[in-house]
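Quick one: this structure, given as structure tokens, is what I'll be asking you about.
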There are 2 protein chains.
Amino acid sequence: MGRTGDTRERIVRTSARLLLSRSYGSVSVDDVCTAADVRKGSFYHFFPSKAELAKAVVDLHTDALIDRLAATSGESAAARLHGVADAVGAIQARFESTFGRVVGCPFGNLAAELSTVDDALRDHLASAFARWEREFAVICHRAQQDGALRDGVDPDRLAHSLLAHTQGQILLAKVGGHSAADVATTLHDLIDVHLREGAV
Amino acid sequence: MGRTGDTRERIVRTSARLLLSRSYGSVSVDDVCTAADVRKGSFYHFFPSKAELAKAVVDLHTDALIDRLAATSGESAAARLHGVADAVGAIQARFESTFGRVVGCPFGNLAAELSTVDDALRDHLASAFARWEREFAVICHRAQQDGALRDGVDPDRLAHSLLAHTQGQILLAKVGGHSAADVATTLHDLIDVHLREGAV
DNA sequence: GCGCTAGTTGACCGGTCGGTCAACGGAAAT
DNA sequence: ATTTCCGTTGACCGACCGGTCAACTAGCGC
């Protein structure tokens, strides 16, 4: 075996930061290399292309998100639903304090920019979103079993709706210059209208 | 005066098409010029920069959207609310048939990609979204006056929520390969949960 | 201590990027 | 008919893009 280092990880983490602060198109491989203090040859030793780097960044965020959702607990399913909104709010708040403003969702940003440009990356993002939605759906189904959902509310549709709302809300906050706290608030509102009155 | 032509308009319309089918970063000025059969010098006669072209494209879509919303009528405010969902669905369906798949919202795509990159463009998009949201809000307020809204539903928040939902739903359809019809359906669902039962 | 190999380096490449410019052309106003 | 000036043209620019490569180096297994 040859030597071992943290170069690859440094590249991914640095890219994650740069991709949040700007767009995929405006972040060059040279930018990444400079910021990560890595020579370009090393970059292409680990990644066959810039697009593959983007996938790695998506994976990084996916893992982080799943971890945080797993840590989200609450007595009732209804409370766990609100916990999801809190998790999203917390992540966005961290980004906001790091970059000084809402910079968007790591998945949503890449999805909007590259879904029509790179099919492989779109697939990758679709999988990430699907996984995310499945996590939501599990909680929504439990909420329904608990009788916390309003009549006629389909748990799968609610999960999808929740995800869409999250994406849209973050996007609007990003372009409108709103705060991460507002994102969480409107998310809580959406959950409330789907819950039976009095449910906790 | 010198001669007059449709060059500028041809540039804008061609760009609108290209920007929907791909991303801002992946569409070069040369691409636009080739597709519009315009020489680059002419392009820069009308637009000081590529970013200014993007603004013009945003304006084009804004006008089209406002026109369509104005044409949306219905007996009751509740029906007009659903008419908004239909309008969005119709626009997306047209894009879908043109490009063979859901390609995203013209505003949302640019907002996601460029909000963190170009401040002037972000402002421009923020104004477009604000105008859009105001149109929604008027209808939501009327619905409330008609007593069609569920108790505790704030019309302004509903308008914002509707916009966010639209954006998120379109984004998810784009990355997930869903159809424009699904977007409209989920939008109708969202409206229904905010309406008092039995309201039309 | 030696060989293997994963990791590193920096020079290099062709193409494309957004943008510039001086010269030219043609319709409208006089 | 001449002036005027918006519109048009195509050659041109330096910077930067993503990506390549041959030579080199340092650590692990032996």
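Letters A, B, ... are given to chains in the order of the sequence lines, protein chains preceding strands, and every chain is numbered from 1. All heavy atoms count here, side chains included; hydrogens, waters and symmetry mates do not. Bear in mind the structure is a predicted one, so any value in this text is a computation, not a measurement.
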Got more than 12 heavy atoms from elsewhere within 6.0 Å of CZ, Arg13(B)?
no

Rounded to whole Å, the CZ-P distance (Arg39(B) to dT9(D)) equals 5 Å

Inset, instruction - State whether Thr7(A) places a side-chain N or O below 4.0 Å from either non-bridging phosphate oxygen (OP1 or OP2) of dG7(C). - result: no

Within residues 8-22 of chain B, those residues having any heavy atom closer than 4.0 Å to DNA chain C are none

Separation of dG7(D) atom C1' from Asp6(B) atom CG, nearest Å, is 12 Å

If you measure from the Lys or Arg side-chain nitrogens to the Asp or Glu carboxylate oxygens, is any gap between Glu135(A) and Arg131(A) under 4.0 Å? no

Asp30(B) atom CG is separated from dC13(D) atom P, nearest whole Å, by 16 Å

Please determine whether the number of non-hydrogen atoms from other residues, nucleotides or ligands lying under 6.0 Å from atom CZ of Arg157(B) exceeds 12.
no

The correct set of residues in residues 44-54 of chain A placing a heavy atom under 4.0 Å from DNA chain D is Tyr44(A), Ser49(A), Lys50(A)

Donor-acceptor pair (no angle test) under 3.5 Å: Lys40(B) side chain, dG19(C) base: yes

| Parallel under 30°, tilted from 30 to 60°, perpendicular over 60°: which one fits the rings of Trp132(B) and Phe129(B)? | parallel

Rounded to whole Å, CZ of Phe43(A) lies from P of dG19(D) at a distance of 8 Å

| task | Remember a base hit wins even if backbone is also touched, and classify Ser28(A) as base, sugar-phosphate or nothing at under 4.0 Å, heavy atoms. | result | sugar-phosphate

(request) List the steps and the verdict of side-chain contact (heavy atoms from CB on, under 4.5 Å) for His124(B) and Lys55(B). (result) CA-CA 7 Å; His124(B) 205 80; Lys55(B) 286 191 196 170; 3.8 Å; yes

Check: In this structure, are over 12 heavy atoms from other groups packed under 6.0 Å from Arg22(B) atom CZ?
Finding: yes

- Task: State whether Asp151(B) and Arg196(B) are salt-bridged, where the test is any N-O pair (Lys NZ or Arg NE/NH1/NH2 against Asp/Glu carboxylate O) under 4.0 Å.
- Result: yes

Which label fits His188(A) and His82(A): parallel for a plane angle under 30°, tilted from 30 to 60°, or perpendicular past 60°?
parallel

